[in-house]
Amino acid sequence: ALLIETIITFQLVFTIFASCDKKRKDIKVPVPMIIGFSVTIGHLFAIPYTGASMNPARSLGTSLIFNHWHSQWVYWIGPCMGGVLAAFVYEYLFCPDPERKLRFQASFRKSQNQDDSTQLTVQPGGEYSKLESAA
């Protein structure tokens with residue numbers, strides 16, 4: 001149940017990040033329709049297994065009304081994990097910001113003879129260059 005709640009919240013939050021990003025110019029469909037399809041797909045997939053909460057507030061309200069607290073933690077931990085994971089994956093793996101993506105990639109690249117005094121700077125246009133410090 002925890003895995004399912006994490007997956008459906010991940011796909012919803014990732015869809016929201018990808019469709020509401022102002023830097024993207026390739027979206028031709030209305031954004032509310034994209035998000036609505038994402039919610040629908042998540043519910044159609046998860047209702048038979050967990051009831052498809054996708055939102056801790058929705059589970060909390062139901063538990064308060066019916067005084068049923070069985071496995072409530074799943075509906076809090078799962079969406080939190082899915083949301084954080086979606087934010088990380090969108091920001092660092094599907095990052096539409098080319099300067100941030102280059103800085104992230106450059107932080108993992110280090111040549112064999114490069115010492116700690118070399119600093120990489122990102123130039124406008126997506127190129128980066130080395131600045132040698134006079135140490």
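Treat the numbers as computed from the prediction; the structure is a model and nothing was measured.
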For the pair Q11 and S38, evaluate side-chain hydrogen bond (donor to acceptor under 3.5 Å, both in side chains) and give the outcome as yes or no after the intermediate values.
CA-CA 7 Å; Q11 65 93 18; S38 176; 2.9 Å; yes

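- If you take CG on L3 and CD on E5, they are separated by 10.0 Å, rounding to the nearest 0.5 Å.
- In this structure, the separation between CD1 on I8 and CG on L44 is 11.0 Å, given to the nearest 0.5 Å.
- Following chains of ILVMFWY side-chain contacts shorter than 4.5 Å, one cannot reach W73 starting from W76, and the two form parts of different hydrophobic clusters.
- You'll find the ring centres of F94 and F14 inside the 6.0 Å limit.
- Placement of I35 and M54 within a single hydrophobic cluster is found when ILVMFWY residues are connected by side-chain heavy-atom separations under 4.5 Å, directly or transitively.
- With S19 contributing its side chain and V31 its backbone, the two residues share no donor-acceptor pair below 3.5 Å.
- A heavy-atom distance below 4.5 Å is not found between the side chains of F17 and V89.
- Linking Ile, Leu, Val, Met, Phe, Trp and Tyr whenever their side-chain heavy atoms come within less than 4.5 Å leaves M81 and I7 in two separate clusters.
- The minimum heavy-atom distance between H70 and H68, with the atom names listed, is CB-CE1, 3.1 Å.
- The two atoms that bring I4 and A46 nearest to each other are CG2-CB, 3.6 Å, heavy atoms only.
- Interatomic distance, CZ of R58 versus OG of S53, reported as 5.5 Å (0.5 Å rounding).
- Taken to the nearest 0.5 Å, the OH atom of Y75 stands 13.5 Å off from the CG atom of L60.
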Go through the steps to decide whether V74 and T50 satisfy the test side-chain contact (heavy atoms from CB on, under 4.5 Å), and finish with yes or no.
CA-CA 9 Å; V74 170; T50 65; 5.5 Å; no

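- A distance-only check finds a donor-acceptor pair linking the side chain of H43 to the backbone of A52 [under 3.5 Å].
- The number of heavy atoms from other shown groups lying within 6.0 Å of CG (L64) is above 12.
- Of the inter-residue distances, the one linking D21 atom CG with I27 atom CD1 reads 7.5 Å to the nearest 0.5 angstrom.
- Hydrophobic clustering, with ILVMFWY side chains joined whenever heavy atoms are under 4.5 angstrom apart, keeps V84 apart from Y90.
- Rounded to the nearest 0.5 Å, atoms CG (L2) and CD1 (I77) are 7.5 Å apart.
- Using a 4.5 Å cut-off between side-chain heavy atoms of Ile, Leu, Val, Met, Phe, Trp and Tyr, with links allowed through other members, F10 and L12 fall into different hydrophobic clusters.
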